[in-house]
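Here is the naming used below: chain letters follow the sequence lines, and residue numbers restart at 1 for every chain.
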Protein chains: 2
Amino acid sequence: MQSQVNRRSARPRPSSAVTLQQVAQDAGVSLATASRVLSDSDRNVTQELQERVLEAAARLRYVSNAPARALVQSTTSIVGLVVHDVNDAYYSAIAAGVMEVARDHKLLVMLAGTFHEPGLQAEYVARLRAQRARAVVLAGSGFTGANPALAQELEAFAAQGGRVTAVAHQDLPVDTIVPGNREGGRAVAEHLAALGHTEIGVICGPLALVSVQERLHGFLERAAELGVVVQEHHRVEADFTREGGRAAAVRLFRRSPGITALFALNDAMALGALAALRDDLGRGVPSDVSVVGFDDLPVAGDVTPALTTVRLPLEEIGRRALLLALGDATASPRTLAVPSRLVVRASTAPPPRVTA
Amino acid sequence: MQSQVNRRSARPRPSSAVTLQQVAQDAGVSLATASRVLSDSDRNVTQELQERVLEAAARLRYVSNAPARALVQSTTSIVGLVVHDVNDAYYSAIAAGVMEVARDHKLLVMLAGTFHEPGLQAEYVARLRAQRARAVVLAGSGFTGANPALAQELEAFAAQGGRVTAVAHQDLPVDTIVPGNREGGRAVAEHLAALGHTEIGVICGPLALVSVQERLHGFLERAAELGVVVQEHHRVEADFTREGGRAAAVRLFRRSPGITALFALNDAMALGALAALRDDLGRGVPSDVSVVGFDDLPVAGDVTPALTTVRLPLEEIGRRALLLALGDATASPRTLAVPSRLVVRASTAPPPRVTA
DNA sequence: ACACAATGGGAAAACGCTTTCAGTGCGGCT
DNA sequence: AGCCGCACTGAAAGCGTTTTCCCATTGTGT
């Protein structure tokens with residue numbers, strides 16, 4: 001049945017769009033002339049004919065066939081944006097930056113969501129390559145360890161003239177944006193140490209993610225420097241989401257009730273932890289437990305207590321990413337560091353006095 | 001200078017992608033055979049040749065040129081999604097639904113952001129028409145009153161076989177999703193009236209937006225039925241954002257301090273109002289003032305007090321929108337109502353006792 | 001006035017693919 | 001044994017553009 005429907009609708013093309021040929025005919029000029037008027041060619045056309053063509057095009061509501069154009073010019077005005085989850089404020093913010101630059105450059109953005117399936121990244125790059133996209137921004141954090149499939153796909157894309165910027169990826173032969181993850185992790189360690197915390201729990205996202213690794217290592221590194229040891233069993237891994245954070249917080253406190261500060265490796269998890277502390281564990285924040293997040297999503301300032309977190313200028317990262325991909329190709333495998341900054345709000349305080 | 005750069009890079013095409021011709025050559029078969037193997041044609045090819053082609057394609061990392069394919073088939077696997085602001089949780093949620101369906105149908109999503117400029121909607125539809133997109137979802141609420149430019153553009157798109165679904169638009173000759181805005185507004189009126197509020201303020205987004213109108217009218221309508229009059233000067237209009245809500249709340253309370261309940265026409269504004277009440281006006285919620293939002297963004301449950309609001313199943317709306325556009329074309333100008341539901345949380349309570 | 005450059009218009013090629021159409025080799029039937 | 005039909009391959013047409021290439025016309029310098 002399905003094939004029959006396909007057959008039927010495929011054969012007599014259901015309806016055809018206005019072609020340049022028709023516009024030319026309507027204006028009484030040749031195809032070439034019409035093209036010269038409507039595409040911004042360097043050849044010029046008499047005022048008279050120009051007007052006739054423009055008029056005909058407007059009358060027929062002509063828009064040029066982008067695929068045909070792409071075919072002959074072998075380039076498009078499409079850029080790809082690959083994220084893990086559109087409905088995650090982290091990626092929305094990056095996407096907003098990308099879209100802004102795209103608008104300014106009159107580019108169209110193709111959005112691809114991997115839904116957290118690692119393999120889909122390479123697949124989408126392939127599809128964007130097939131589309132002859134001009135550039136691709138890999139916004140989703142990469143996975144640690146070599147990813148040959150993705151690397152090869154990117155290489156092929158580059159070979160055909162495509163440009164790529166990756167955000168928080170490692171060992172990819174493309175322009176890369178390095179958000180201040182490590183640095184932010186260090187700042188958190190300093191902040192919590194300065195407040196006097198010694199029993200610190202860490203709620204990690206998937207350790208396979210580059211961002212998670214960087215944040216965690218920056219934190220552990222600086223904590224160690226300051227003489228604070230974060231015990232192995234004070235670290236817990238979960239989904240990089242609100243629910244992941246909530247579950248992780250519960251697990252962690254059941255296991256180690258003595259913890260006085262919690263570092264969640266992103267704000268979503270921190271929000272979950274906040275909810276767990278309030279609803280499931282009955283602990284006050286920051287009176288009993290301090291909580292720190294990462295990213296500074298807009299919501300971080302709106303919860304109670306307002307979340308201490310590390311601000312990453314996500315829109316800026318999006319803008320920079322696309323600009324990098326659109327920029328000078330010859331300088332290509334470049335690296336751009338984007339700094340982060342600790343934002344202290346109400347969710348952190350000194351640890352409670354021990355009553356013993 | 002720029003033109004020189006263009007000239008230079010335009011002439012000798014910087015690098016060319018692998019073509020089907022090359023694959024065919026490499027496999028020692030004709031172009032036609034290669035095409036039959038790689039596009040899923042109904043014609044079949046000997047096992048032997050099939051393998052040779054597949055092998056060659058893999059070796060050369062061939063992906064077919066989508067524009068060329070689109071040209072000959074005069075259809076693409078692209079769908080467009082037009083939103084006002086990507087970095088707004090309302091649209092992210094809809095986008096997530098759209099992307100999910102797109103993934104299941106192996107479609108690529110082109111995301112267009114109007115950045116709240118009304119005119120851009122029509123322009124993006126034109127560009128999507130040029131791309132020969134298969135369908136377009138207009139997620140951003142429409143503006144009241146006729147929009148001839150947009151209507152004509154959509155008509156042209158339909159004429160060339162494109163499908164469209166609009167969310168919260170009026171008088172557009174396309175499939176339309178009608179979220180339960182009016183119904184939600186009514187539910188809020190009932191809830192606040194039942195709690196005993198009589199002095200109710202309303203913080204509106206731009207009245208030109210269809211969603212705003214519907215929510216407001218539903219609310220006023222039901223309030224009137226219940227004998228609660230919402231005075232003209234208890235209504236205030238502002239940007240449909242957190243900051244808009246905050247400013248509006250301040251203005252409203254300076255003008256009418258006796259208000260005991262606040263209905264913000266979306267959650268973003270409600271969040272702003274909450275912040276204003278707490279930080280600028282020093283009023284307790286819900287002890288002094290009750291606050292209600294609309295949309296039930298994820299954040300609504302995370303703020304303190306948790307926000308009473310109207311839930312709109314946004315992802316579902318996104319999914320439905322694309323499915324509608326992908327569905328039966330002959331039934332086309334259809335209307336699909338998506339119900340909303342009041343979610344009572346902690347931000348609403350009976351009004352404070354008058355101490356006079 | 002005459003050669004010659006410059007200008008603008010149109011016919012036609014090319015982009016990479018799918019699909020029709022014609023052709024070739026083969027087995028099965030009478 | 002001869003013919004038909006089947007199954008497959010390959011040549012070529014065509015999709016809608018842009019961009020050559022060539023021609024006619026006009027303007028310029030001497």
Assess whether salt bridge (Lys or Arg N to Asp or Glu O under 4.0 Å) is satisfied between E123(B) and R127(B), documenting all intermediate values. CA-CA 6 Å; E123(B) 188 183 322; R127(B) 292 196 70 180; 5.4 Å; no
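Atom P of nucleotide dT17(D) and atom CD of Q131(B) are separated by 13 Å, given to the nearest angstrom. Regarding L71(A), its CG atom lies at a distance of 4 Å from the C1' atom of dC15(C), rounded to whole Å. Regarding L20(B), its CG atom lies at a distance of 6 Å from the P atom of dT18(C), rounded to whole Å. When rounded to the nearest whole Å, the span between CD of E48(A) and C1' of dG8(C) equals 13 Å. As a whole-Å value, the separation of R132(A) CZ from dC17(C) P is 7 Å. The interatomic distance linking R43(A) (CZ) with dT19(D) (P) rounds to 12 Å, in whole Å. Between the P atom of dG14(D) and the CD atom of Q73(B) lies a distance of 18 Å, rounded to the nearest Å. The separation between E51(B) atom CD and dC8(D) atom C1' is 17 Å, rounded to whole Å.
Taking 4.0 angstrom as the limit, Y62(B) places a side-chain polar atom (N or O) nearer than this to OP1 or OP2 of dC17(C). Within the 4.0 Å cut-off from OP1 or OP2 of dT18(D), at least one side-chain nitrogen or oxygen of S35(A) is found. Between dG8(C) and N44(A), a contact under 4.0 Å exists linking OP1 or OP2 to a side-chain N or O. Between R69(B) and dT18(C) there is a side-chain N or O to OP1 or OP2 distance below 4.0 Å.
In this structure, the ring-ring contact (aromatic ring centres under 6.0 Å, His included) partners of H116(B), at least two apart in sequence or on a different chain, are H84(B). Listed by chain and residue number, nothing satisfies the salt bridge (Lys or Arg N to Asp or Glu O under 4.0 Å) test with R103(A) (two or more places apart in sequence, or in another chain). Taking the side-chain hydrogen bond (donor to acceptor under 3.5 Å, both in side chains) definition, one finds that T335(B) meets it with nothing, sequence neighbours left out. Residues passing the salt bridge (Lys or Arg N to Asp or Glu O under 4.0 Å) test with R36(A): none are found, sequence neighbours excluded. Partners of E100(A) under the side-chain hydrogen bond (donor to acceptor under 3.5 Å, both in side chains) rule, at least two apart in sequence or in another chain, are R319(A). R132(A) pairs by the salt bridge (Lys or Arg N to Asp or Glu O under 4.0 Å) definition with nothing, not counting sequence neighbours.
If you check every strand for non-hydrogen atoms under 4.0 Å, S41(B) touches nothing.
A salt bridge (Lys or Arg N to Asp or Glu O under 4.0 Å) check over residues 72-88 of chain B, counting only residues at least two apart or in different chains, returns nothing.
Interface residues of residues 23-34 of chain B facing DNA chain D, ordered by number: V29(B), S30(B), A32(B), T33(B); criterion, heavy-atom separation under 4.0 Å.
Summary of helix geometry: the two end axes of the helix from dA1(C)-dT30(D) to dT30(C)-dA1(D), each defined by five base pairs via their C1' atoms, are inclined to each other by 50° (rounded to 10°).
A salt bridge links R52(A) with E48(A): the distance from a Lys NZ or Arg NE/NH1/NH2 to an Asp or Glu carboxylate oxygen falls below 4.0 Å.
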